[in-house]
Amino acid sequence: MEKEPFYKSTNFIAVICCFLWATAFVGIKIGLRYSQPLQFAGIRFFISGCLLLAFIPKAKFSLKVIKENAKLIVLVGFLQTTLVYSLFYTGLSFVPASLGAMLVGSGPLFAAIVAHIFIKNDKLTTRKTAVILLGFSGIVIISLGKGFDTSANHLIWLGIILLLINNIVGGLANVVVSQRSAKISAILLSSLSLIFGGFLLILISFILETWELHNYPIEYYLSLAWLSFLSATAITLWFVLLKRPGVKVSNLNIWKFIIPVLGAILSWLIMPNESPDATSIIGMIIIGISLLLLNSHWVKNPVKK
């Protein structure tokens, strides 16, 4: 059988998704200088979903598919976009960008637990548990290195709790897409769920936040444009991977350990008053080892494409 090109492999696409998501932390911190969290998130995802509409073929056929999968679209939109990102944006507004990257990076652990509970053929094995715990220990080391000075920011613990809940909800959303989206294309599901979820975020923002018109600087629009693009791209590609036969939610989500590493590095390079330290470097090395162990396991036992 002809070998599949590397750029179509599950591992390569997963890494691309994680790299795109890692760039989001800095973009969000820039956008939040000028906009309320839910307002910024809602506009971002609504634009992302609209961008994907241009790539949906066969409009008449798509309308039939939408009608048949309306409940799934609403559920995914609410979980994956509205709930996940309201928790994500609000939590991130209370913590440094690098710490936010670390906390969200613990997502693979929660995704594996959720998959273990809800998916029969995606159980936690000894090897998988060891790889996840090793990666998570890297997250813990990096997070401890950042310190938690509640006297300087008494809301930092609220941010931590919200981001951890975000991980649980994100794991549930992954399970839903993996188990229930066989009859709808990834791009159609991604587009409509982003539009629906983004619209809900905008409505919630009107209730909970203050809307004011400003002459925003160019960096605001650049961050919004980039975040909209990466969401449309990364979420669609991730849905494609979740729908692939043989791909397990827990295995796929382990690649998300890349996100805190890249997210922290980008934060250190771009954000003021954020710099690396020894514990962060040690934690990153540990995360790298966990990914190498995962990859060696997949080489011996490749995932069906």
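These numbers were taken from a predicted model, which means no experiment stands behind them.
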Sequence neighbours excluded, the answer for side-chain hydrogen bond (donor to acceptor under 3.5 Å, both in side chains) partners of Trp21 is none

- Is the backbone of Ile187 close enough, under 3.5 Å, to the side chain of Ser191 for a donor and an acceptor to pair up by distance? no

* Note, Leu188 side chain near Ser185 side chain (heavy atom, < 4.5 Å) -> yes

Contacts of Ser205 meeting side-chain hydrogen bond (donor to acceptor under 3.5 Å, both in side chains) (sequence neighbours excluded), chain-then-number -> Glu209, Trp211

Taken to the nearest 0.5 Å, the spacing of Tyr221 OH from Ser228 OG works out to 13.0 Å

Run the side chain to side chain contact (heavy atoms under 4.5 Å, CB included) check on Ser48 and Ile235 step by step: do they pass?
CA-CA 10 Å; Ser48 296; Ile235 291 176; over 6 Å; no

Here the pair of heavy atoms bringing Leu237 nearest to Cys17 is CB-SG, 3.5 Å

Next item on the list: Measure up the Tyr85 and Phe88 rings against each other and bin them: parallel (under 30°), tilted (30 to 60°), perpendicular (over 60°).
Entry: perpendicular

Applying side-chain hydrogen bond (donor to acceptor under 3.5 Å, both in side chains) to Ser181 and not counting sequence neighbours gives none

By ring-ring contact (aromatic ring centres under 6.0 Å, His included), Phe239 pairs with (sequence neighbours left out) none

Report task. Treating Ile, Leu, Val, Met, Phe, Trp and Tyr as nodes and any side-chain heavy-atom pair under 4.5 angstrom as an edge, say whether Ile207 and Leu38 lie in one connected cluster. Result -> yes

When you compare the side chain of Ile13 with that of Val240, does any pair of heavy atoms fall below 4.5 Å?
no

Taken to the nearest 0.5 Å, the spacing of Lys123 NZ from Thr129 OG1 works out to 12.0 Å

From the list Lys248, His116, Lys128, side-chain hydrogen bond (donor to acceptor under 3.5 Å, both in side chains) partner of Asp122 resolves to Lys128

Across all chains, not counting sequence neighbours, the side-chain hydrogen bond (donor to acceptor under 3.5 Å, both in side chains) partners of Gln39 are Ser35

Interatomic distance, CD1@Ile113 vs CD1@Ile132, rounded to 0.5 Å, equals 8.0 Å

Sorted by chain and residue number, the ring-ring contact (aromatic ring centres under 6.0 Å, His included) partners of Tyr220 (sequence neighbours excluded) come out as Phe40, Tyr216

*Evaluation steps, side chain to side chain contact (heavy atoms under 4.5 Å, CB included), between Leu51 and Ile47*: CA-CA 6 Å; Leu51 288 175; Ile47 293 174; 4.3 Å; yes

Between the CG atom in Leu134 and the CD1 atom in Ile287, the distance rounded to the nearest 0.5 Å is 9.0 Å

Please check this pair: side chain of Thr23 against backbone of Leu20, looking for a donor-acceptor N/O pair closer than 3.5 Å. yes

| said: Using side chain to side chain contact (heavy atoms under 4.5 Å, CB included), reason through Val247 and Leu242 one step at a time and then give a plain yes or no. | reply: CA-CA 6 Å; Val247 172; Leu242 287 171; 5.7 Å; no

- prompt: Any chain of hydrophobic side-chain contacts (each under 4.5 Å) joining Phe196 to Leu203?
  reply: yes

request  = Report yes if the side chains of Leu164 and Phe110 come closer than 4.5 Å at any heavy-atom pair, otherwise no.
outcome  = yes

Phe55 meets the ring-ring contact (aromatic ring centres under 6.0 Å, His included) criterion, sequence neighbours left out, with none

Note, Leu252 side chain near Thr10 side chain (heavy atom, < 4.5 Å)
yes

Rounding to 0.5 Å, atoms CD1 (Ile286) and CD1 (Ile281) come to a distance of 12.0 Å

Identify all side-chain donor-acceptor contacts of residues 168-179 below 3.5 Å with residues at least two apart in sequence or on another chain.
unit_1 : atom_1 : unit_2 : atom_2 : d
Asn174 : OD1    : Trp238 : NE1    : 3.0
Asn174 : OD1    : Asn253 : ND2    : 3.0
Asn174 : ND2    : Gly170 : O      : 3.1

Scanning both residues in full, the closest heavy-atom pair of Arg44 with Ser231 reads NH2-OG, 2.6 Å

Identify all side-chain donor-acceptor contacts of residues 67-84 below 3.5 Å with residues at least two apart in sequence or on another chain.
unit_1 : atom_1 : unit_2 : atom_2 : d
Asn69  : ND2    : Val65  : O      : 2.8
Thr82  : OG1    : Gly197 : O      : 3.0

Distance col, row Ile43:CD1 vs Leu227:CG, nearest 0.5 angstrom, shows 12.0 Å

Q.
Could you tell me if the side chain of Ser137 sits less than 4.5 Å from the side chain of Leu133, heavy atoms only?
A. no

*asked:* Same cluster or not: Leu222 versus Phe45, using hydrophobic residues (I, L, V, M, F, W, Y) connected whenever any side-chain heavy atoms lie under 4.5 Å apart?
replied: no

With sequence neighbours left out, the residues meeting salt bridge (charged side-chain N to carboxylate O under 4.0 Å, His left out) with Glu219 are Arg33

Salt bridge (charged side-chain N to carboxylate O under 4.0 Å, His left out) filter on Lys243, not counting sequence neighbours, yields none

* Would you please test Ser190 and Leu194 for side chain to side chain contact (heavy atoms under 4.5 Å, CB included) and show each step? => CA-CA 6 Å; Ser190 177; Leu194 283 169; 3.7 Å; yes

**Item:** Pairwise side-chain contact, Ile204 with Ser86, heavy-atom cut-off 4.5 Å (strictly under)
**Value:** no

Residue set satisfying ring-ring contact (aromatic ring centres under 6.0 Å, His included) with Phe19, at least two apart, ordered chain then number -> none

